[in-house]
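Since the structure is predicted, the reported quantities are computational estimates derived from the model, not experimental observations.
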There are 2 protein chains.
Amino acid sequence: VRVHILGAAAGGGFPQWNCGCPQCVEVRAGSARTEARTQDSIAVTADGEAIVLVNASPDILVQIQRTPALAPRAARHSPIVAIILTNGDLDHVLGLFSLRESYPLHLYATAAVWRGLGERNVLWRTLQRFDGQVTWHPLALDRATSLPGGLSVTPFAVPGKLPVHLERDASPSAEDNIGLELQAGGGRVVYCAAAGAIGPYVERFDGAACVLFDGTFWSSDELVRLGLSTARAESMAHLPIGGAEGSLARLGQVRAGRKIFTHINNTNPILLRDSEARARVEASGWEVAHDGMEIDV
Amino acid sequence: VRVHILGAAAGGGFPQWNCGCPQCVEVRAGSARTEARTQDSIAVTADGEAIVLVNASPDILVQIQRTPALAPRAARHSPIVAIILTNGDLDHVLGLFSLRESYPLHLYATAAVWRGLGERNVLWRTLQRFDGQVTWHPLALDRATSLPGGLSVTPFAVPGKLPVHLERDASPSAEDNIGLELQAGGGRVVYCAAAGAIGPYVERFDGAACVLFDGTFWSSDELVRLGLSTARAESMAHLPIGGAEGSLARLGQVRAGRKIFTHINNTNPILLRDSEARARVEASGWEVAHDGMEIDV
């Protein structure tokens, strides 16, 4: 199984278009301490041909363009045989509207996420121009689904939240935010890019060849201290990495081949190669994802 | 007045994600005959500080990131003081949803285009998270509107069509697709990236410092001959460049400082520096836009 990290940043990317925080200034200046990242998405393949895309980020076109494995091989073609959505957040679904050029898409999502896509959304019609343009393959929690190309996916519930634009009229459900076990042969990859809390689901991490986990924030009050927001990490359903109750402390005992933080917010100090936060992450056996990273398991 | 060409491609960009036509293959291979282009958008400034963005392409984040004039100058800031929309096509509006990080946006659009944005579109709520997140400034045909930073804009009707996703229930209007005169001091720039036909509006082109015109297709049957579609250029409301009735023949007499084709489809042979089509365009005094081009008038 090969995993391409297409984008390793949280919503907004790094740098963020309207952000002049010290780290965004640094990456814009071309500093050697860090590098730009696009919004969270991975591409996974078992056979080296068929690509399973996990999430469709707003940066999808540039992500496809710079990844040779995602290039078409005929006049109208894409190796992307499946698109799995792990929640309905815009940074995970907006890219679907950039895949509107008359090509059949196969979406794998829970019923909750699927309903959120098309209801009261006139833009969705751009993906309904011919029969079969979008085919929905329902994902059920804790049940394995076979994907074209030899992978299977098992989704599991992870504490999360509704997308901001659906908070007003949808009821929260365990299906709103999922993690994934992606498996072929002996290789098992766990992807969990948004997690509001630790829970029994982390038992799945032990023995995985690779765990990709929510690295959005280092600390709960990261945005508050920078004066960028009044929101704490947990209120956005992202458990911070640092602190006594953070993911680094809570997941310290996980035994997995590789453990990688991804979906990283522009303000998170782990983005700087020489930060104390980065040193602590690496000392605990964790890595920090970057665009273009390839993981073979 | 300075014009930054942020993106010079038509919807889908060049290369297009699922297209294996000879030109897309060539640009992916890194050929010296051509170069990649993102989707149509320009940034215009009169004072070198305040930026007026014309259209919000799906590629807006990468366009902002690689254009130093568009970088923020404070912790939360953007030099983009106005966003003008020339129609409601997804390749001109989808980028708005990538500007959702708590920042006030000032949209300048006709009533027809404005209505198409928010009605029956649950995603729009992501731009309604606080009072004043989006302010609509109505554009009226043939009437000048002052913009922050010293520019004024005069929109004019150009034959076009409704966005695909609104065809079903909106009635066509002269306000669906507009061209722009952008002016400050003596400098007048005309932008007309989508034009289904020549009309009296082209009288505005004479005497302009710069004319940017619809360069989507070279020939009416370009997509048909490549086997990519059954649609002709005119049915998509794009007058082709070539042919006896094409824009190059019809606009040959225009007297303007610079005349530039933009909004170029991936199949258009003018994208190849050594093509016969490119030679004919240049022999007629026209240029071919590319990403990163800067025009000072």
Minimum-distance pair of heavy atoms, taken over all atoms of [X] and [Y]:
X	Y	answer
A:H165	B:L123	NE2-CD2, 3.5 Å
B:E101	A:W17	OE1-NE1, 2.9 Å
A:R76	B:C19	NH1-SG, 3.0 Å
B:S98	A:L94	OG-CD2, 4.0 Å
A:A71	B:R28	CB-CD, 3.9 Å
B:D169	A:R125	OD2-NH2, 2.9 Å

(request) Take atom CZ of A:R66 as the centre, draw a 6.0 Å sphere, and report whether it contains more than 12 heavy atoms from other residues, nucleotides or ligands. (result)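 Correct, the count exceeds 12.
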(request) Would you mind telling me which of B:E119, B:R100, B:R73, B:Q39 has the largest number of heavy-atom pairs within less than 4.5 Å of chain A? (result) B:R100
(request) Select, from B:L61, B:L226, B:L99, the one with the greatest count of heavy-atom pairs under 4.5 Å involving chain A. (result) B:L99
Using a cut-off of under 4.5 Å for heavy-atom pairs, which of [options] has the most such pairs with chain B?
options	value
A:T126, A:I80, A:L90	A:L90
A:A74, A:G227, A:S102, A:C21	A:A74
A:P22, A:P15, A:G12	A:P15
A:N121, A:I64, A:V25	A:N121

(message) Would you compute the distance between atom OG of A:S78 and atom CD of B:Q16 and round it to the nearest 0.5 angstrom?
(response) 11.0 Å
(message) Is B:D59 close to chain A through its backbone or its side chain, or both, or neither, when contacts mean heavy atoms under 4.5 Å?
(response)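 Just its side chain gets close to chain A.
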